Chemist: 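First the structure, then my questions, so here it is.
As a basis for the values below, the full set of heavy atoms in this structure was taken, side chains included, without hydrogen atoms, waters or symmetry mates. All values derive from a computational prediction rather than experimental measurement. Letters go in sequence order (proteins before strands), and every chain restarts at 1.
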Amino acid sequence: MIVETEAYDGPNDPASHAATLRGPTKRNAVMFGPAGFSYVYRIYGMHWCMNVVTGPEGDAGAVLLRGLHAMEGQEVMKQRRGCEPLSTGPGRLCEALGITGELYGHDLREEPLRLQAGWAVAHDMVGISTRIGVSAAADWPYRFYVLGASGVSRHPGPTKPSATATEGSQE
DNA sequence: ACTCCGATTGTT
DNA sequence: ACAATCGGAGTA
């Protein structure tokens, strides 16, 4: 169950891998395609991160998967990870699920990796904060997470005091 | 061809 | 606070 995500709004978003580019590159090409496909990329030369492409074709929107609450398969996940936590954070999440670059552009309606509808989450259970690890558009409140859920990388929000962004404390 | 640095994680 | 580690993107 996905409990933490971050939104990236393509060319409109300075923090997106599709920002400021005239068009698709080899890496971000899948984001310009239809929704429901996976955008997997390598970060810091060692970790994989996965996005779900969103929006109509040509929009290059994507949602980064940052936190997962395992409901089953913990044993396999633990075997892949080798240690805890299992799927807290985008890199760990991919390692726990065995997601690699081979799944770039994968149709998430098909095996071996499918995205299925979960349960509605009440508004007062959704925390909002700035995105983690991004320097551009650092004040955009595009991170969403389930309050108190296990699998969320960080509950408080931004490390910096800023607090200009909407926090999960209210609403 | 060359340099810079990142949507991270784990250790010091 | 800092290292690990490498390919994408920008510059020459």
Chemist: Between the protein and nucleotides 5-8 of chain C, list the N/O to N/O atom pairs that are separated by less than 3.5 angstrom.
Modeler:
| unit_1 | atom_1 | unit_2 | atom_2 | d |
| --- | --- | --- | --- | --- |
| dT5(C) | O2 | Tyr44(A) | O | 2.6 |
| dG8(C) | O3' | Arg27(A) | NE | 3.3 |

Chemist: Hey, is the side chain of Arg66(A) poking within less than 4.0 Å of OP1 or OP2 on dT8(B), counting only N and O atoms?
Modeler: yes
Chemist: Which whole-number value in Å describes the distance from Ile43(A) CD1 to dA9(C) P?
Modeler: 12 Å
Chemist: Partners of Arg92(A) by side chain to side chain donor-acceptor pair (under 3.5 Å), sequence neighbours excluded?
Modeler: none
Chemist: Under a 4.0 Å N-O cut-off, is there an ion pair linking Asp13(A) with Arg131(A)?
Modeler: yes
Chemist: Does any N or O in the side chain of Tyr142(A) come within less than 3.5 Å of the main-chain N or O of Ile128(A), such that one atom is a donor and the other an acceptor?
Modeler: no
Chemist: In whole angstroms, how far is the P atom of dG6(B) from the OH atom of Tyr8(A)?
Modeler: 13 Å
Chemist: Find the distance Arg92(A):CZ to dA7(B):C1' and express it as a whole number of Å.
Modeler: 15 Å
Chemist: Let's go through Lys78(A) and Leu86(A) carefully: what are the C-alpha distance in whole Å and the side-chain angles of both, what is the deciding distance for side-chain contact (heavy atoms from CB on, under 4.5 Å) to 0.1 Å, and is it a yes or a no?
Modeler: CA-CA 6 Å; Lys78(A) 194 166 184 176; Leu86(A) 295 180; 3.9 Å; yes
Chemist: Taking the six-membered ring for Trp, are the ring centroids of Tyr41(A) and His17(A) within less than 6.0 Å of each other?
Modeler: yes
Chemist: Reading DNA chain B 5' to 3', what string of ( ), [ ], | and . shows its pairs, if Watson-Crick and G-U wobble pairs count only when both distances fall under 3.5 Å?
Modeler: ||||||.||||.
Chemist: Without decimals, in angstroms, what is the distance between Ile132(A) CD1 and dT9(B) C1'?
Modeler: 13 Å
Chemist: If only atom types and distance count, is the side chain of Thr5(A) paired as donor or acceptor with the main-chain N or O of Val63(A) below 3.5 Å?
Modeler: no
Chemist: Taking atom C1' in both dC5(B) and dC2(C), what distance in whole Å separates the two?
Modeler: 16 Å
Chemist: State plainly whether the residues Glu95(A) and Arg80(A) are in salt-bridge range, i.e. N to O under 4.0 Å.
Modeler: no
Chemist: Consider only side-chain heavy atoms of I, L, V, M, F, W and Y, link residues closer than 4.5 Å, and tell whether Val52(A) and Ile2(A) are in one cluster.
Modeler: yes
Chemist: What is the separation between atom NE2 on His47(A) and atom C1' on dT8(B), rounded to the nearest whole Å?
Modeler: 4 Å
